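Below is one structure, written out as structure tokens; the observations come after it.
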2 protein chains.
Amino acid sequence: MTTTSSPRVLEHPERDEIRLEDVLHALADAVRLRIVRDMAREDTELSCSYFDLPVTKSTTTHHFRVLRESGVVRQVYRGTAKLNALRRDDLDALFPGLLDTVLAAAESQAGRDGAAGGATA
Amino acid sequence: MTTTSSPRVLEHPERDEIRLEDVLHALADAVRLRIVRDMAREDTELSCSYFDLPVTKSTTTHHFRVLRESGVVRQVYRGTAKLNALRRDDLDALFPGLLDTVLAAAESQAGRDGAAGGATA
DNA sequence: GCCGTAGTACGGTGAGTATCGTACGAGTGT
DNA sequence: ACACTCGTACGATACTCACCGTACTACGGC
């Protein structure tokens with residue numbers, strides 16, 4: 001259909017509009033860090049509903065917007081779903097190694113957290 | 001001599017108490033990022049007053065506390081001054097490469113910002 | 001003892017944010 | 001047309017944060 005000016009277009013910062021402080025702030029949240037970890041692991045475009053997050057739908061929308069507006073993820077509509085992809089190329093070009101280092105740090109910490117309490121197996 | 005337990009002892013998180021989210025949050029601020037950049041460049045213990053920050057003393061105290069409580073810096077009193085040092089060893093052990101990558105990203109972005117505006121020369 | 005300097009503590013303000021619930025819009029299938 | 005699913009928008013709330021000013025403490029020198 002011709003819904004001329006559909007709100008189905010999402011605003012993204014250009015590569016050179018991405019700010020390090022915003023990226024770090026976006027990653028400095030447990031829920032968002034988890035989203036980013038999952039996306040990095042799958043390496044394909046994932047819908048928002050793919051993630052099983054401990055928050056409501058509204059809050060999920062909010063977190064994805066923070067990630068998008070900070071330049072960490074790119075979102076596109078595809079039917080009723082909204083697909084999310086990490087902006088690896090842009091981030092790597094701007095801040096070489098940052099994403100991988102943070103991801104590795106997150107994995108490492110998750111490992112420590114999981115191993116805590118005694119149930120290592 | 002009622003000052004038995006002087007408040008001259010500063011609380012620091014142990015190495016394994018440092019959380020990635022807190023570190024990222026501490027670094028996700030322009031003023032604090034600048035402090036950390038300066039500290040990394042000097043590589044010695046620096047007093048709070050060494051830094052020429054665009055905020056008041058109270059706010060400076062606040063930022064240093066955030067950095068200390070997140071585990072990014074270690075602070076010790078020495079006379080009237082409070083000396084600050086990056087916790088490089090702890091951060092590198094926990095999150096290998098993270099500090100250097102963020103620092104490099106900050107330098108890179110600072111270069112872009114400085115060169116912006118057209119007056120490249 | 002007195003004063004200056006370094007930094008803290010406290011109280012307040014305005015802005016941002018993480019969270020929710022409910023109501024709605026856009027697309028797909030029957 | 002209808003219903004269903006995915007996600008948005010809006011409003012509300014409670015919390016955090018960056019910032020300030022002022023009053024204060026701790027240390028060192030005169």
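Residue numbering restarts at 1 for every chain, and letters A, B, ... go by the order of the sequence lines. Source: prediction; values computed, not measured.
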To the nearest angstrom, how far is [X] atom [atom1] from [N] atom [atom2]?
{"X": "B:Arg78", "N": "D:dG28", "atom1": "CZ", "atom2": "P", "answer": "10 Å"}
{"X": "A:Tyr50", "N": "D:dG7", "atom1": "OH", "atom2": "P", "answer": "14 Å"}
{"X": "A:Leu27", "N": "C:dA18", "atom1": "CG", "atom2": "P", "answer": "12 Å"}
{"X": "B:Asp29", "N": "D:dT16", "atom1": "CG", "atom2": "P", "answer": "18 Å"}
{"X": "A:Leu53", "N": "C:dC20", "atom1": "CG", "atom2": "C1'", "answer": "15 Å"}
{"X": "B:Tyr77", "N": "D:dA26", "atom1": "OH", "atom2": "P", "answer": "10 Å"}
{"X": "A:Lys57", "N": "D:dC4", "atom1": "NZ", "atom2": "P", "answer": "14 Å"}
{"X": "B:Leu10", "N": "D:dA26", "atom1": "CG", "atom2": "C1'", "answer": "13 Å"}

Knowing that exactly one of A:Val102, A:Asn84, A:Leu67, A:Val31 qualifies, which makes a side-chain contact (heavy atoms from CB on, under 4.5 Å) with A:Val36?
-> A:Leu67
Return yes if a side-chain donor-acceptor contact under 3.5 Å exists between A:Thr61 and A:Ser58, otherwise no.
-> no
I want to check one thing: is the phosphate of [N], taken as OP1 and OP2, less than 4.0 Å away from some side-chain N or O of [X]?
{"X": "A:Ser49", "N": "D:dG7", "answer": "yes"}
{"X": "B:Arg32", "N": "D:dA18", "answer": "yes"}
{"X": "A:His62", "N": "C:dC20", "answer": "no"}
{"X": "B:His25", "N": "D:dT16", "answer": "no"}
{"X": "B:Thr80", "N": "C:dG7", "answer": "no"}

With the threshold set at 4.0 Å, does a side-chain nitrogen-carboxylate oxygen contact exist between B:Arg87 and B:Asp92?
->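 Answer for the salt bridge query: no.
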Among the nucleotides [options], which one has an atom lying closest to any side-chain atom of [X]?
{"X": "B:His63", "options": "C:dA18, D:dC19, D:dG7", "result": "D:dC19"}
{"X": "B:Lys82", "options": "C:dA18, C:dC20, C:dT8", "result": "C:dT8"}
{"X": "B:Cys48", "options": "D:dA18, C:dG7, C:dT19", "result": "C:dG7"}

No-H, no-angle donor-acceptor pair, B:Ser58 side chain to D:dG21 base, under 3.5 Å |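 Pair found.
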Closest nucleotide of DNA chain D for A:Arg65 versus for A:Ala81: which of these residues is on the 5' side?
-> A:Ala81
Would you mind classifying the nucleic acid contact of B:Thr60 as base, sugar-phosphate or nothing, using non-hydrogen atoms under 4.0 angstrom?
-> nothing
Tell me which of A:Thr59 and B:Asn84 sits closer to the 5' end of DNA chain C, going by the nucleotide each one is nearest to.
->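 Result: B:Asn84.
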Return the minimal non-hydrogen interatomic distance between A:Ser108 and B:Leu94, and the atom names on each side.
->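 Scanning both residues, the minimum pair turns out to be OG-O, 3.7 Å.
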Any B:His12 side-chain heavy atom under 4.5 Å of B:Arg68 side chain =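 SC-SC contact between B:His12 and B:Arg68 confirmed.
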